[in-house]
**Student:** 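For reference, the structure I am asking about is given below.
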Amino acid sequence: MAPRYTLARRLALVLLKDAKVKKPPVPIEELAMLLKAKIRYEPFAGQLYGMVHRNSNGTAVIGVNSMDAPNRQRFTIAHEIGHLLLHKNDDLHVDERSPIGLRNDRSSLAVDEKEIEANQFAAELIMPAEFLDKDIRRLPDDIEAEEAVTRLARKYQVSEQAMTIRLSALKLLA
Ligand SMILES: [Zn+2]
């Protein structure tokens with residue numbers, strides 16, 4: 001089965017709309033709360049990014065590695081929300097780091113379809129195309145691409161790497 005990019009995008013847009021999010025940074029913890037997902041920050045000692053556990057009563061717990069950088073934690077929460085909304089048959093999902101050397105942020109995007117879908121959802125949720133489009137047009141005309149990425153990453157509270165990937169995917173990076 002091919003990754004359901006359109007579904008991931010649509011679910012992210014619906015959530016943003018339901019939560020009346022109009023501008024960055026996207027309040028990721030509030031969105032989790034809206035979905036009855038409780039966030040727990042735990043020091044996973046570098047073993048994993050996070051996990052999500054769905055309870056039978058409709059609530060969920062999202063575990064986030066408290067040792068990761070705040071921007072990474074935001075992406076993890078968004079990714080786990082993606083699993084919650086996209087993979088309803090899974091009660092437990094654990095996002096482990098791959099063995100050393102095999103994984104950087106780019107290759108980690110492509111583990112399997114569920115991961116691709118959850119990553120796509122996360123990108124759509126915390127870096128909505130509509131917001132980025134507007135913000136890019138507000139940047140000075142003569143700004144360097146690197147500086148643009150730095151400013152936008154700060155504004156959206158994401159890593160510069162995540163922002164670079166997102167802008168390239170949207171073909172917004174000149
Ligand atoms: Zn995952």
Side-chain angles (χ1 to χ4, degrees), residues 1-16 18-19 21 25-129 153 156-170:
M1 194 181 73
R4 301 164 297 170
Y5 292 110
T6 308
L7 177 63
R9 182 174 310 125
R10 200 163 61 224
L11 290 173
L13 290 178
V14 167
L15 181 53
L16 289 169
D18 285 351
V21 178
V26 171
I28 197 69
E29 293 189 336
E30 284 175 36
L31 298 187
M33 251 190 297
L34 198 70
L35 296 169
K36 299 196 181 81
K38 203 175 164 168
I39 299 173
R40 286 173 55 178
Y41 293 89
E42 308 252 9
F44 290 128
Q47 301 304 306
L48 25 118
Y49 289 119
M51 63 173 75
V52 58
H53 180 252
R54 191 191 306 275
N55 298 312
S56 52
N57 64 3
T59 65
V61 177
I62 292 174
V64 183
N65 194 337
S66 59
M67 296 174 82
D68 283 341
N71 289 342
R72 175 67 234 188
Q73 292 177 8
R74 281 170 55 75
F75 195 89
T76 298
I77 295 167
H79 176 102
E80 303 303 347
I81 291 175
H83 283 309
L84 267 184
L85 295 177
L86 285 154
H87 310 130
K88 296 199 180 281
N89 294 329
D90 298 352
D91 288 339
L92 177 67
H93 193 95
V94 178
D95 285 303
E96 290 182 65
R97 294 182 205 280
S98 290
I100 303 156
L102 285 181
R103 191 171 211 176
N104 57 38
D105 270 13
R106 189 178 286 272
S107 67
S108 72
L109 296 181
V111 180
D112 66 20
E113 277 145 20
K114 284 181 181 173
E115 295 317 307
I116 294 171
E117 290 180 351
N119 278 332
Q120 183 68 30
F121 175 90
E124 302 281 356
L125 191 68
I126 54 178
M127 296 172 278
Y156 285 72
Q157 292 177 20
V158 298
S159 70
E160 293 188 4
Q161 198 172 11
M163 183 56 76
T164 303
I165 292 169
R166 180 67 170 146
L167 292 176
S168 310
L170 292 171

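One-based numbering, in listed order, for ligands and for the atoms of each. When reading the values below, keep in mind they use all heavy atoms of this one structure, side chains included, and skip hydrogens, waters and symmetry mates.
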**Student:** Considering just N/O/S atoms, say which atom of H79 is closest to the Zn ion (ligand 1).
**Tutor:**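 The H79 atom nearest to the Zn ion (ligand 1), restricting to N, O or S, is NE2.
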**Student:** Evaluate side chain to side chain contact (heavy atoms under 4.5 Å, CB included) for K114 paired with L86, printing each intermediate quantity in order.
**Tutor:** CA-CA 8 Å; K114 284 181 181 173; L86 285 154; over 6 Å; no
**Student:** Report the C-alpha separation of I77 and Y41 in whole Å, then their side-chain angles, then the decisive distance to 0.1 Å, and conclude whether the side chain to side chain contact (heavy atoms under 4.5 Å, CB included) test is met.
**Tutor:** CA-CA 10 Å; I77 295 167; Y41 293 89; 3.5 Å; yes
**Student:** Is the distance between the Zn ion (ligand 1) and the nearest N/O/S atom of E115 smaller than 2.8 Å?
**Tutor:** yes
**Student:** Using a strict 4.0 Å threshold on nitrogen-to-oxygen distance, state whether E124 and R166 make a salt bridge.
**Tutor:**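 Looking at R166 together with E124, the answer is yes, because their closest N to O distance falls below 4.0 Å.
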**Student:** Can you check the angle at the Zn ion (ligand 1) formed by NE2 of H83 and OD1 of D95? Round it to the nearest 10°.
**Tutor:** 140°
**Student:** State whether a side-chain donor-acceptor pair under 3.5 Å links D90 with H83.
**Tutor:**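 Distance-only check fails for D90 and H83.
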